[in-house]
Undergrad: 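Sending over a structure as structure tokens; questions will come in a sec.
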Amino acid sequence: MIGYQTTASQPPLEVPESALARHWRTHGRALLTIFDQGLVSIASFVTNFLVLHHFADDKEHLAYYALAFNLMIWVAEFHATLVFTPLTILSPRRSGEELRRFHGSTLLQHFGVSIVAMVAFLIAAVIVRPGDRDMSQALIALAGGVVVIGLRNYARPFAFTMRRPLSAVLVDLAVCILQIGGVLVLAKINRLTAATAVGVIALASALPAVLWLFANRERFSPSIGRSIEDIRIEWPLTRWVFFSGMVWNAGMSLYPWLINTVSGTIQVAVWFACYQLAAVANPLLMGLQNFIGPRIAEAFTERDVSAFKRFVVKTAGYTFLLMLGPAVLLSIFASPLLEWISRGEFVGHQLAIALLCAAILLQSVTFTLSRGLFALHRADLDLYCNFGPLILLFTGGAWLTHRYGADGAAMSMLIAQVLSSGSRAILFARVRQAKPAEAA
């Protein structure tokens, strides 16, 4: 027939992409990432505020929960530096079966870190039990839940790296509902303690995390031998990231323990209360970080070194500006809010909250420059920047904390952030490290 063409010879019909679809493809991932961090932070903040409200007139038990919560952060940071950061940096460079094997290796590494932490907490619980039964019970609860809490934390960077933020949103939404609901029930029946609060966090993480792992099982090809081999191969590339993260965490997360040592448990409770209010802007900050980390890794593969450095500097500036407004507002209004939440038990802590807000604001710059150094394979420089805050912690920070309690610790943390962000900015501007392919 004249004019007849088979469908096989016709070019495929292209459907024009709508403006809404283009906008979502460009910005939707970032919005979901920020929304997910909002869910995580809501679960954490509401839980902590409920505990704060419940123990407002029992600061000693509030301090036990604060110290247990700090240990959760320590384990999360250990996972982040040893497992999650390599996952974020190296996943974009792999595909197919090689990517599945790599994901299987990181999953096994996650479980290995969690088991080590579980054993350490059990040993600590036995050691402190004769003199501090309540703290021992909190450590036992943490040991029992550290594996599933860590698995829930693993799901998030995995989802962001795979550009599937919706799966992280679903997991964290379930955790948020279960965790807040569990704490409310315990408070209602007057069974809320440091140990039961930790237990609720673990139980709320368990079911969503296990279901997530089952749903994504085909994306993992775990092998103990391959995991060990991956550690051996990747350790030269990631060891500076790990050491840098650990030194940074020590310099920033040891403050509750320093306060407990030189000022007592009451000041630990004050620090915890002030930090929770100052960190209300953290959903925005950490949502941005969850997006910025993978984006910087991608930008490194897309740009030459000069263009990449300009991208990182602009990103740091935009992040600072986005965080500036919340930091100012919290500095002004957080103290009255704390007084209301604590039923008038925490009054007159405006200075500590303002100092902590400023420190968190600078942390937005520190994180972006840090990830830029990681992508340039100069995590060794990032490590050097982290020694300043750690040295400060045990020198001027210890003196400030002993003299002024939680206010002094907040001042020390702000000074540490100034040192950290300033030194990174100088080194990032001067670094001349080329990409491996260019160096070859």
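Only heavy atoms go into these numbers, but all of them, side chains included; no hydrogens, no water, no symmetry mates. Along the sequence shown, residues are numbered consecutively beginning with 1.
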Undergrad: Got Asp382 and Arg378 here, is their nearest side-chain heavy-atom distance under 4.5 Å?
TA: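 No. Closest side-chain heavy atoms not under 4.5 Å.
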
Undergrad: Determine, step by step, whether Val113 and Tyr154 satisfy the side chain to side chain contact (heavy atoms under 4.5 Å, CB included) criterion, reporting the C-alpha distance in whole Å, the side-chain angles of both residues, the deciding distance to 0.1 Å, and the verdict.
TA: CA-CA 12 Å; Val113 170; Tyr154 178 93; over 6 Å; no

Undergrad: At their closest point, which heavy atom of Ala352 faces which heavy atom of Ala410, and how far apart are they?
TA: O-CB, 3.8 Å

Undergrad: Assign the ring pair Tyr255 / Trp271 to parallel, tilted or perpendicular, where the plane angle (0 to 90°) is split at 30° and 60°.
TA: parallel

Undergrad: Please check this pair: side chain of His79 against backbone of Val75, looking for a donor-acceptor N/O pair closer than 3.5 Å.
TA: yes

Undergrad: Would you say Ser105 and Arg101 are linked by a side-chain donor-acceptor pair, where the criterion is simply a distance under 3.5 Å?
TA: no

Undergrad: Within the 4.5 Å heavy-atom criterion, are Asp407 and Val270 side-chain neighbours or not?
TA: no

Undergrad: Counting distance only, does the side-chain N/O of Gln137 pair as donor-acceptor with the main-chain N or O of Ala195 below 3.5 Å?
TA: no

Undergrad: Quick one: CG on Leu329 to SG on Cys357, what's the gap to the nearest 0.5 Å?
TA: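 These two atoms lie 9.5 Å from each other.
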
Undergrad: Looking at every non-hydrogen atom in both residues, tell me the closest pair between Trp212 and Ser167 and how far apart they are.
TA: NE1-OG, 4.3 Å

Undergrad: Answer yes or no: is there a donor N or O on one side and an acceptor on the other, between the side chain of Ser44 and the main chain of Val40, under 3.5 Å?
TA: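 Flag not set: sc Ser44 to bb Val40 has no pair under 3.5 Å.
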
Undergrad: Would you say that Phe49 contacts Val280 through its side chain, given a criterion of any heavy-atom pair below 4.5 Å between the two side chains?
TA: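 They are in contact (side-chain heavy atoms under 4.5 Å apart), so the answer is yes.
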
Undergrad: Start with the C-alpha gap between Leu151 and Leu107, add the side-chain angles, then the distance that decides, and say whether side chain to side chain contact (heavy atoms under 4.5 Å, CB included) holds.
TA: CA-CA 9 Å; Leu151 182 59; Leu107 183 64; 4.1 Å; yes

Undergrad: Which label fits Phe272 and Phe69: parallel for a plane angle under 30°, tilted from 30 to 60°, or perpendicular past 60°?
TA: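 Answer is perpendicular, since the angle exceeds 60°.
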
Undergrad: To the nearest 0.5 Å, tell me how far Leu393 CG sits from Leu400 CG.
TA: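 Reported to 0.5 Å precision, the distance equals 11.0 Å.
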
Undergrad: Would you say Thr193 and Thr196 are linked by a side-chain donor-acceptor pair, where the criterion is simply a distance under 3.5 Å?
TA: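 Thr193 and Thr196 do have a side-chain donor-acceptor pair below 3.5 Å.
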
Undergrad: At what distance, to the nearest 0.5 angstrom, does CG of Leu355 lie from CD1 of Ile360?
TA: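 Reported value, rounded in 0.5 Å steps: 11.5 Å.
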
Undergrad: About how many Å separate CG of Leu285 and CG of Leu322, when rounded to the nearest 0.5 Å?
TA: 10.5 Å

Undergrad: Do Tyr384 and Phe243 have their ring centres less than 6.0 Å from each other?
TA: no

Undergrad: Could you tell me whether the side chain of Phe78 reaches within less than 4.5 Å of the side chain of Met246, counting heavy atoms only?
TA: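 Yes. Closest side-chain heavy atoms under 4.5 Å.
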
Undergrad: First locate atom NE2 of His61, then atom CZ of Phe55, and finally report the distance between them rounded to the nearest 0.5 Å.
TA: 6.5 Å

Undergrad: Are any side-chain N or O atoms of Gln267 and backbone N or O atoms of Gly405, one a donor and one an acceptor, separated by less than 3.5 Å?
TA: no

Undergrad: Quick check: do Val365 and Thr319 have side-chain heavy atoms less than 4.5 Å from each other?
TA: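 With C-beta onward as the side chain, the pair stays apart.
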
Undergrad: Check whether any side-chain heavy atom of Leu324 sits under 4.5 Å from a side-chain heavy atom of Val328, and report yes or no.
TA: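 Side chain of Leu324 against side chain of Val328, heavy atoms only: contact under 4.5 Å found.
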
Undergrad: Let's go through Val247 and Leu383 carefully: what are the C-alpha distance in whole Å and the side-chain angles of both, what is the deciding distance for side chain to side chain contact (heavy atoms under 4.5 Å, CB included) to 0.1 Å, and is it a yes or a no?
TA: CA-CA 7 Å; Val247 174; Leu383 170 62; 3.5 Å; yes

Undergrad: Between Ser263 (side chain only) and Thr401 (backbone N and O only), is there a donor and an acceptor less than 3.5 Å apart?
TA: yes

Undergrad: Between Arg424 and Trp248, is NZ or CZ placed under 6.0 angstrom from the six-membered ring centre and within 45° of the ring axis?
TA: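 Here Arg424 passes the 6.0 Å and 45° test against Trp248.
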
Undergrad: Within a radius of less than 6.0 Å around CZ of Arg191, do more than 12 heavy atoms belonging to other residues, nucleotides or ligands occur?
TA: no

Undergrad: Indicate the atoms forming the closest heavy-atom contact of Val148 with Ser205, along with that distance.
TA: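 Heavy-atom minimum between the residues: O-CB, 3.8 Å.
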
Undergrad: What's the spacing between Met118 CE and Ile140 CD1 if we round to 0.5 Å?
TA: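 Those atoms lie 13.0 Å apart.
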
Undergrad: Taking atom CE of Met72 as the centre, does the number of heavy atoms from other residues, nucleotides or ligands within less than 6.0 Å exceed 12?
TA: yes

Undergrad: Please check if the side chain of Arg217 supplies one atom and the backbone of Phe214 the other of a donor-acceptor pair under 3.5 Å.
TA: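 Flag set: sc Arg217 to bb Phe214 pair under 3.5 Å.
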
Undergrad: Counting only N and O atoms by type, is there a donor-acceptor contact under 3.5 Å from the side chain of Asn70 to the main-chain atoms of Ser253?
TA: yes

Undergrad: Can you tell me if CZ on Arg403 sees more than 12 non-hydrogen neighbours from other groups inside 6.0 Å?
TA: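 Atom CZ in Arg403 is not packed in, count stays at 12 or less.
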
Undergrad: Do Met135 and Arg129 make a side-chain contact, defined as non-hydrogen atoms from C-beta onward lying under 4.5 Å apart?
TA: no

Undergrad: For Ala68 and Leu142, work out which heavy atoms get closest and say how close.
TA: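 Taking every non-hydrogen atom into account, O-CD2, 3.9 Å.
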
Undergrad: Are the charged groups of Lys59 and Glu345 less than 4.0 angstrom apart, N to O?
TA: yes

Undergrad: Mark yes or no for whether Ser114, through its side chain, and His110, through its backbone, hold a donor-acceptor pair below 3.5 Å.
TA: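 Yes.
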
Undergrad: So which atom in Leu330 and which in Leu277 form the shortest heavy-atom distance, rounded to 0.1 Å?
TA: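 Of all heavy-atom pairs spanning Leu330 and Leu277, the closest is CD2-O, 3.8 Å.
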
Undergrad: Just so I know, are the side chains of Tyr65 and Thr47 near enough to count as touching, which here means a heavy-atom distance under 4.5 Å?
TA: yes

Undergrad: Indicate the atoms forming the closest heavy-atom contact of Leu376 with Phe428, along with that distance.
TA: CD1-CE1, 3.7 Å

Undergrad: Would you please indicate yes or no on a ring centroid separation below 6.0 angstrom for Phe158 and His103?
TA: yes

Undergrad: Ignoring hydrogens and geometry, is there a side-chain-to-backbone donor-acceptor pair from Asp132 to Val128 under 3.5 Å?
TA: no

Undergrad: Begin from the C-alpha positions of Thr368 and Tyr318 and carry the test side chain to side chain contact (heavy atoms under 4.5 Å, CB included) through to its verdict.
TA: CA-CA 10 Å; Thr368 306; Tyr318 293 148; over 6 Å; no

Undergrad: Can a donor-acceptor pair be found, under 3.5 Å and without considering hydrogens, that links the side chain of His349 to the backbone of Cys274?
TA: no

